[in-house]
Number of protein chains: 2
Amino acid sequence: MNNKEKLRKAGLRPTKQRMIIADILLDGINRHFTAENLQNEINSSGNSMSIATIYNCLKKFRNCGLIKQVESSKDTAIFDTNINQHHHFLDEETGELIDIENDEVNLRKLPKIPQGYLNNGVEVLIKIKKKI
Amino acid sequence: MNNKEKLRKAGLRPTKQRMIIADILLDGINRHFTAENLQNEINSSGNSMSIATIYNCLKKFRNCGLIKQVESSKDTAIFDTNINQHHHFLDEETGELIDIENDEVNLRKLPKIPQGYLNNGVEVLIKIKKKI
DNA sequence: CAAGTAGTTTAGAACGATTTTAAAGTAAAA
DNA sequence: TTTTACTTTAAAATCGTTCTAAACTACTTG
Ligand SMILES: [Mn+2]
Ligand SMILES: [Mn+2]
Ligand SMILES: [Zn+2]
Ligand SMILES: [Zn+2]
(Lines give C-alpha, C1' and ligand atoms only; values in the text may rest on other atoms or scores of the structure.)
(Ligands and ions follow the chains in the order given, each with its own letter.)
Protein backbone atom coordinates (compact mmCIF):
# COMPACT_ATOMS: atom_id res chain seq x y z
CA MET A 1 0.00 0.00 0.00
CA ASN A 2 1.43 3.36 -0.99
CA ASN A 3 1.23 6.47 1.14
CA LYS A 4 -1.66 7.98 -0.74
CA GLU A 5 -3.68 4.84 -0.05
CA LYS A 6 -2.59 4.83 3.58
CA LEU A 7 -3.86 8.38 4.02
CA ARG A 8 -7.12 7.62 2.25
CA LYS A 9 -7.63 4.49 4.34
CA ALA A 10 -7.05 6.60 7.46
CA GLY A 11 -9.76 8.98 6.29
CA LEU A 12 -7.34 11.80 5.50
CA ARG A 13 -7.23 13.74 2.24
CA PRO A 14 -3.86 13.16 0.63
CA THR A 15 -2.82 16.79 0.38
CA LYS A 16 0.63 17.83 -0.85
CA GLN A 17 1.74 18.57 2.70
CA ARG A 18 0.46 15.29 4.17
CA MET A 19 2.18 13.37 1.38
CA ILE A 20 5.49 15.10 2.11
CA ILE A 21 5.17 14.13 5.77
CA ALA A 22 3.98 10.61 4.97
CA ASP A 23 6.97 10.12 2.66
CA ILE A 24 9.27 10.98 5.54
CA LEU A 25 7.49 9.20 8.38
CA LEU A 26 5.95 6.13 6.80
CA ASP A 27 9.11 4.70 5.28
CA GLY A 28 9.16 1.74 7.66
CA ILE A 29 12.01 3.05 9.75
CA ASN A 30 11.08 3.52 13.40
CA ARG A 31 11.98 6.84 14.91
CA HIS A 32 11.21 9.18 17.78
CA PHE A 33 10.97 12.83 16.79
CA THR A 34 9.61 16.27 17.63
CA ALA A 35 7.70 18.70 15.40
CA GLU A 36 10.92 20.68 15.00
CA ASN A 37 12.91 17.55 14.03
CA LEU A 38 10.31 16.87 11.37
CA GLN A 39 10.43 20.43 10.06
CA ASN A 40 14.18 20.08 9.67
CA GLU A 41 13.72 16.85 7.70
CA ILE A 42 11.12 18.54 5.52
CA ASN A 43 13.52 21.38 4.84
CA SER A 44 16.36 18.96 4.09
CA SER A 45 14.14 17.22 1.57
CA GLY A 46 13.88 20.47 -0.36
CA ASN A 47 10.36 21.25 0.82
CA SER A 48 9.03 23.67 3.38
CA MET A 49 5.96 23.80 5.52
CA SER A 50 4.37 26.05 8.11
CA ILE A 51 4.88 24.88 11.66
CA ALA A 52 1.09 25.13 12.16
CA THR A 53 0.59 22.64 9.34
CA ILE A 54 3.16 20.32 10.84
CA TYR A 55 1.32 20.35 14.15
CA ASN A 56 -2.02 19.91 12.38
CA CYS A 57 -0.73 16.93 10.46
CA LEU A 58 0.94 15.30 13.44
CA LYS A 59 -2.27 15.56 15.42
CA LYS A 60 -4.30 14.07 12.55
CA PHE A 61 -1.77 11.30 11.97
CA ARG A 62 -1.77 10.49 15.67
CA ASN A 63 -5.54 10.50 15.96
CA CYS A 64 -5.74 8.19 12.94
CA GLY A 65 -3.17 5.83 14.45
CA LEU A 66 -0.54 6.42 11.77
CA ILE A 67 1.90 7.53 14.48
CA LYS A 68 1.92 7.56 18.28
CA GLN A 69 2.83 10.17 20.84
CA VAL A 70 5.19 9.11 23.60
CA GLU A 71 4.47 9.81 27.25
CA SER A 72 7.25 12.17 28.23
CA SER A 73 7.82 14.74 30.93
CA LYS A 74 9.88 16.88 28.56
CA ASP A 75 8.16 20.07 27.46
CA THR A 76 8.34 19.23 23.76
CA ALA A 77 6.02 16.57 22.38
CA ILE A 78 7.75 13.42 21.14
CA PHE A 79 6.20 11.29 18.42
CA ASP A 80 6.94 7.73 17.43
CA THR A 81 6.56 6.03 14.06
CA ASN A 82 6.51 2.60 15.72
CA ILE A 83 2.79 2.06 16.15
CA ASN A 84 3.05 -1.52 17.39
CA GLN A 85 2.66 -2.02 21.10
CA HIS A 86 6.20 -1.73 22.38
CA HIS A 87 8.28 -0.41 25.26
CA HIS A 88 11.13 2.01 25.83
CA PHE A 89 14.41 2.56 27.52
CA LEU A 90 14.74 6.20 28.57
CA ASP A 91 17.98 7.95 29.40
CA GLU A 92 16.59 10.70 31.61
CA GLU A 93 19.82 12.73 31.30
CA THR A 94 19.63 13.08 27.53
CA GLY A 95 16.00 12.25 26.83
CA GLU A 96 17.08 9.50 24.42
CA LEU A 97 14.47 6.81 23.83
CA ILE A 98 15.29 3.30 22.63
CA ASP A 99 12.60 0.89 21.50
CA ILE A 100 12.06 -2.42 23.25
CA GLU A 101 10.06 -4.84 21.18
CA ASN A 102 6.97 -6.23 22.79
CA ASP A 103 8.29 -9.78 23.04
CA GLU A 104 11.33 -8.62 25.02
CA VAL A 105 9.06 -8.02 27.99
CA ASN A 106 6.83 -10.50 29.73
CA LEU A 107 4.48 -9.72 32.58
CA ARG A 108 3.86 -12.45 35.16
CA LYS A 109 1.28 -10.51 37.12
CA LEU A 110 -0.95 -7.59 36.22
CA PRO A 111 -3.28 -5.71 38.55
CA LYS A 112 -7.02 -5.90 38.20
CA ILE A 113 -8.34 -3.24 35.81
CA PRO A 114 -10.57 -0.79 37.71
CA GLN A 115 -14.32 -1.43 37.62
CA GLY A 116 -15.93 -0.04 34.49
CA TYR A 117 -12.70 0.19 32.51
CA LEU A 118 -10.98 -1.83 29.80
CA ASN A 119 -7.27 -2.45 29.37
CA ASN A 120 -6.21 -0.26 26.46
CA GLY A 121 -2.49 -1.05 26.27
CA VAL A 122 0.45 -1.71 28.56
CA GLU A 123 3.67 0.25 28.27
CA VAL A 124 6.85 -0.48 30.16
CA LEU A 125 9.42 2.27 30.60
CA ILE A 126 12.88 1.32 31.77
CA LYS A 127 14.81 4.33 32.94
CA ILE A 128 18.51 3.93 32.32
CA LYS A 129 21.55 5.86 33.42
CA LYS A 130 25.05 5.99 31.97
CA LYS A 131 27.53 4.00 34.04
CA ILE A 132 29.99 6.30 35.76
CA MET B 1 9.97 13.17 61.56
CA ASN B 2 8.19 16.49 61.11
CA ASN B 3 8.22 18.51 57.91
CA LYS B 4 10.89 20.92 59.10
CA GLU B 5 13.19 17.98 59.72
CA LYS B 6 12.29 16.43 56.37
CA LEU B 7 13.27 19.62 54.57
CA ARG B 8 16.48 19.94 56.55
CA LYS B 9 17.37 16.33 55.86
CA ALA B 10 16.79 16.96 52.16
CA GLY B 11 19.20 19.89 52.31
CA LEU B 12 16.49 22.53 51.93
CA ARG B 13 16.04 25.56 54.16
CA PRO B 14 12.65 25.31 55.82
CA THR B 15 11.29 28.65 54.61
CA LYS B 16 7.72 29.76 55.28
CA GLN B 17 6.74 28.92 51.69
CA ARG B 18 8.36 25.48 51.67
CA MET B 19 6.68 24.63 54.95
CA ILE B 20 3.27 25.61 53.56
CA ILE B 21 3.87 23.31 50.59
CA ALA B 22 5.30 20.52 52.73
CA ASP B 23 2.27 20.70 55.02
CA ILE B 24 0.05 20.12 52.01
CA LEU B 25 2.13 17.54 50.14
CA LEU B 26 3.86 15.52 52.83
CA ASP B 27 0.78 14.49 54.77
CA GLY B 28 1.13 10.84 53.77
CA ILE B 29 -1.74 10.91 51.29
CA ASN B 30 -0.66 10.02 47.76
CA ARG B 31 -1.79 12.38 45.04
CA HIS B 32 -1.08 13.47 41.51
CA PHE B 33 -1.22 17.22 40.94
CA THR B 34 -0.15 20.17 38.82
CA ALA B 35 1.43 23.45 39.89
CA GLU B 36 -1.96 25.10 39.45
CA ASN B 37 -3.72 22.43 41.56
CA LEU B 38 -1.20 23.12 44.31
CA GLN B 39 -1.69 26.88 44.09
CA ASN B 40 -5.42 26.33 44.55
CA GLU B 41 -4.78 24.22 47.63
CA ILE B 42 -2.44 26.87 49.00
CA ASN B 43 -5.11 29.50 48.45
CA SER B 44 -7.76 27.30 50.08
CA SER B 45 -5.54 26.91 53.11
CA GLY B 46 -5.64 30.68 53.59
CA ASN B 47 -2.15 31.28 52.24
CA SER B 48 -0.90 32.61 48.93
CA MET B 49 2.25 32.17 46.95
CA SER B 50 3.78 33.36 43.71
CA ILE B 51 3.54 30.83 40.91
CA ALA B 52 7.30 31.25 40.42
CA THR B 53 7.87 30.14 43.99
CA ILE B 54 5.58 27.16 43.52
CA TYR B 55 7.59 26.07 40.48
CA ASN B 56 10.86 26.71 42.32
CA CYS B 57 9.72 24.60 45.25
CA LEU B 58 8.36 21.77 43.12
CA LYS B 59 11.64 21.56 41.25
CA LYS B 60 13.63 21.54 44.49
CA PHE B 61 11.33 18.98 46.09
CA ARG B 62 11.59 16.80 43.01
CA ASN B 63 15.36 17.06 42.78
CA CYS B 64 15.62 16.14 46.46
CA GLY B 65 13.36 13.14 45.99
CA LEU B 66 10.54 14.46 48.18
CA ILE B 67 8.16 14.18 45.23
CA LYS B 68 8.32 12.72 41.72
CA GLN B 69 7.29 14.01 38.33
CA VAL B 70 5.16 11.72 36.20
CA GLU B 71 5.93 11.00 32.54
CA SER B 72 2.96 12.46 30.73
CA SER B 73 2.18 13.63 27.26
CA LYS B 74 -0.07 16.36 28.60
CA ASP B 75 1.39 19.83 28.32
CA THR B 76 1.13 20.54 32.04
CA ALA B 77 3.62 18.92 34.37
CA ILE B 78 2.12 16.36 36.76
CA PHE B 79 3.73 15.64 40.10
CA ASP B 80 3.27 12.70 42.42
CA THR B 81 3.64 12.50 46.18
CA ASN B 82 4.09 8.73 46.00
CA ILE B 83 7.86 8.44 45.85
CA ASN B 84 8.00 4.66 46.08
CA GLN B 85 8.59 2.78 42.85
CA HIS B 86 5.07 2.19 41.58
CA HIS B 87 2.99 2.06 38.46
CA HIS B 88 -0.08 3.76 37.00
CA PHE B 89 -3.34 3.27 35.29
CA LEU B 90 -3.99 6.14 32.89
CA ASP B 91 -7.37 7.11 31.48
CA GLU B 92 -6.21 8.88 28.34
CA GLU B 93 -9.59 10.55 27.88
CA THR B 94 -9.54 12.37 31.18
CA GLY B 95 -5.85 12.24 32.09
CA GLU B 96 -6.73 10.59 35.40
CA LEU B 97 -3.90 8.60 36.97
CA ILE B 98 -4.43 5.81 39.49
CA ASP B 99 -1.56 4.29 41.44
CA ILE B 100 -0.65 0.63 41.13
CA GLU B 101 1.49 -0.57 43.97
CA ASN B 102 4.77 -2.16 43.00
CA ASP B 103 3.80 -5.64 44.20
CA GLU B 104 0.72 -5.66 41.97
CA VAL B 105 3.02 -6.06 38.97
CA ASN B 106 5.52 -8.79 38.31
CA LEU B 107 7.84 -8.99 35.35
CA ARG B 108 8.79 -12.40 34.04
CA LYS B 109 11.20 -11.19 31.43
CA LEU B 110 13.09 -7.94 31.02
CA PRO B 111 15.28 -6.93 28.09
CA LYS B 112 19.02 -6.60 28.41
CA ILE B 113 20.01 -3.10 29.52
CA PRO B 114 22.04 -1.40 26.76
CA GLN B 115 25.84 -1.59 27.01
CA GLY B 116 27.24 1.08 29.31
CA TYR B 117 23.96 1.75 31.10
CA LEU B 118 22.40 0.81 34.42
CA ASN B 119 18.75 0.06 35.15
CA ASN B 120 17.41 3.11 36.98
CA GLY B 121 13.81 2.09 37.54
CA VAL B 122 11.00 0.31 35.74
CA GLU B 123 7.57 1.90 35.31
CA VAL B 124 4.52 0.19 33.94
CA LEU B 125 1.71 2.26 32.49
CA ILE B 126 -1.63 0.60 31.85
CA LYS B 127 -3.82 2.69 29.62
CA ILE B 128 -7.48 2.21 30.41
CA LYS B 129 -10.66 3.27 28.71
CA LYS B 130 -14.19 3.62 30.04
CA LYS B 131 -16.41 0.73 28.99
CA ILE B 132 -19.05 1.89 26.56
C1' DC C 1 23.17 39.06 69.84
C1' DA C 2 25.23 41.88 65.16
C1' DA C 3 26.83 41.83 60.87
C1' DG C 4 27.75 39.36 56.87
C1' DT C 5 26.49 36.18 53.16
C1' DA C 6 24.26 32.96 50.75
C1' DG C 7 19.95 31.40 49.52
C1' DT C 8 14.89 32.58 48.63
C1' DT C 9 10.75 34.96 47.17
C1' DT C 10 8.36 37.87 44.10
C1' DA C 11 6.08 40.52 40.27
C1' DG C 12 6.54 40.97 36.02
C1' DA C 13 8.92 40.19 31.74
C1' DA C 14 10.45 36.77 28.70
C1' DC C 15 10.43 32.41 26.58
C1' DG C 16 9.26 28.33 23.85
C1' DA C 17 5.87 25.08 22.42
C1' DT C 18 1.53 24.81 20.67
C1' DT C 19 -3.02 26.55 19.16
C1' DT C 20 -6.01 29.90 17.16
C1' DT C 21 -7.45 33.16 13.70
C1' DA C 22 -9.05 34.33 9.45
C1' DA C 23 -8.15 34.62 4.77
C1' DA C 24 -6.57 32.27 0.65
C1' DG C 25 -6.06 27.81 -1.49
C1' DT C 26 -7.27 22.92 -2.75
C1' DA C 27 -9.60 18.39 -2.94
C1' DA C 28 -13.67 16.04 -3.41
C1' DA C 29 -18.66 15.96 -4.29
C1' DA C 30 -22.56 17.23 -6.82
C1' DT D 1 -18.16 23.13 -13.55
C1' DT D 2 -19.83 24.70 -9.56
C1' DT D 3 -20.21 24.08 -4.96
C1' DT D 4 -18.83 22.42 -0.66
C1' DA D 5 -16.06 21.11 2.93
C1' DC D 6 -11.55 20.77 4.27
C1' DT D 7 -6.67 22.47 4.47
C1' DT D 8 -2.80 25.56 4.64
C1' DT D 9 -0.62 29.61 6.16
C1' DA D 10 1.49 33.73 8.53
C1' DA D 11 0.78 36.00 12.24
C1' DA D 12 -1.16 36.68 16.62
C1' DA D 13 -2.53 34.63 20.77
C1' DT D 14 -2.23 31.48 24.48
C1' DC D 15 -0.34 28.81 28.02
C1' DG D 16 2.93 26.58 30.96
C1' DT D 17 7.21 27.53 32.65
C1' DT D 18 11.60 30.05 33.47
C1' DC D 19 14.23 34.23 34.00
C1' DT D 20 15.40 38.77 36.02
C1' DA D 21 16.61 41.63 39.44
C1' DA D 22 15.35 43.71 43.58
C1' DA D 23 13.65 42.94 48.23
C1' DC D 24 13.72 39.70 51.84
C1' DT D 25 15.10 35.93 55.14
C1' DA D 26 17.63 32.01 57.08
C1' DC D 27 21.77 30.71 58.54
C1' DT D 28 26.80 31.50 59.81
C1' DT D 29 30.40 33.73 62.05
C1' DG D 30 32.29 36.78 65.32
MN1 LIG E 1 5.09 23.13 28.77
MN1 LIG F 1 4.97 16.19 28.18
ZN1 LIG G 1 9.18 3.78 20.31
ZN1 LIG H 1 1.52 7.75 41.32
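Below, read A as the first sequence line, B as the second, and so on, with proteins coming before strands; counting in each chain starts at 1.
The CG atom of B:D75 sits 11 Å away from the C1' atom of D:dT14 (whole-angstrom rounding). For A:K4 and C:dT26, the NZ to P distance is 15 Å, given to the nearest whole Å. Atoms NZ (B:K74) and C1' (C:dT19) sit 16 Å apart, rounded to a whole Å.
By the 4.0 Å N-to-carboxylate-O rule, A:E71 lies too far from B:K74 to be salt-bridged with it. Salt-bridge annotation for A:K127 and B:E123: present, with a side-chain N of the basic residue lying under 4.0 Å from a carboxylate O of the acidic one.
In summary, of the residues considered (A:D99, A:D103, A:N102), a side chain to side chain donor-acceptor pair (under 3.5 Å) with A:H86 occurs for A:D99 alone.
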Steps toward salt bridge (charged side-chain N to carboxylate O under 4.0 Å, His left out) verdict (A:E96, A:K130): CA-CA 12 Å; A:E96 191 192 7; A:K130 274 219 175 60; 5.8 Å; no
Intermediate values then yes/no, side-chain contact (heavy atoms from CB on, under 4.5 Å), A:K59 and A:N63: CA-CA 6 Å; A:K59 194 178 281 190; A:N63 292 344; 3.8 Å; yes
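The aromatic rings of B:H32 and B:H88 stand perpendicular to each other, their planes meeting at an angle above 60°, with 30° marking the opposite boundary.
In this structure, a donor-acceptor pair under 3.5 Å is present between the side chains of A:D23 and A:N3. Inspection of the A:T34 and A:N37 side chains reveals an N or O donor paired with an N or O acceptor under 3.5 Å.
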Letter per nucleotide, 5' to 3', of nucleotides 25-30 of chain D [B base touched, S only sugar-phosphate touched, - untouched; heavy atoms, 4.0 Å]: -BS---
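If you chain together hydrophobic residues whose side chains sit under 4.5 Å apart, B:L26 and B:I21 fall into the same group.
Proximity of A:Q17 to the phosphate of C:dT26: no side-chain N or O atom is located under 4.0 Å from OP1 or OP2.
In this structure, the helix from C:dC1-D:dG30 to C:dA30-D:dT1 shows an angle of 30° between the axis at its start and the axis at its end, each fitted on 5 base pairs and rounded to 10°.
In the region residues 37-72 of chain A, proximity to DNA chain C at under 4.0 angstrom, judged on heavy atoms, holds for A:A52, A:Y55, A:K59.
The shortest non-hydrogen separation linking B:N82 to B:D80 is N-OD1, 2.8 Å.
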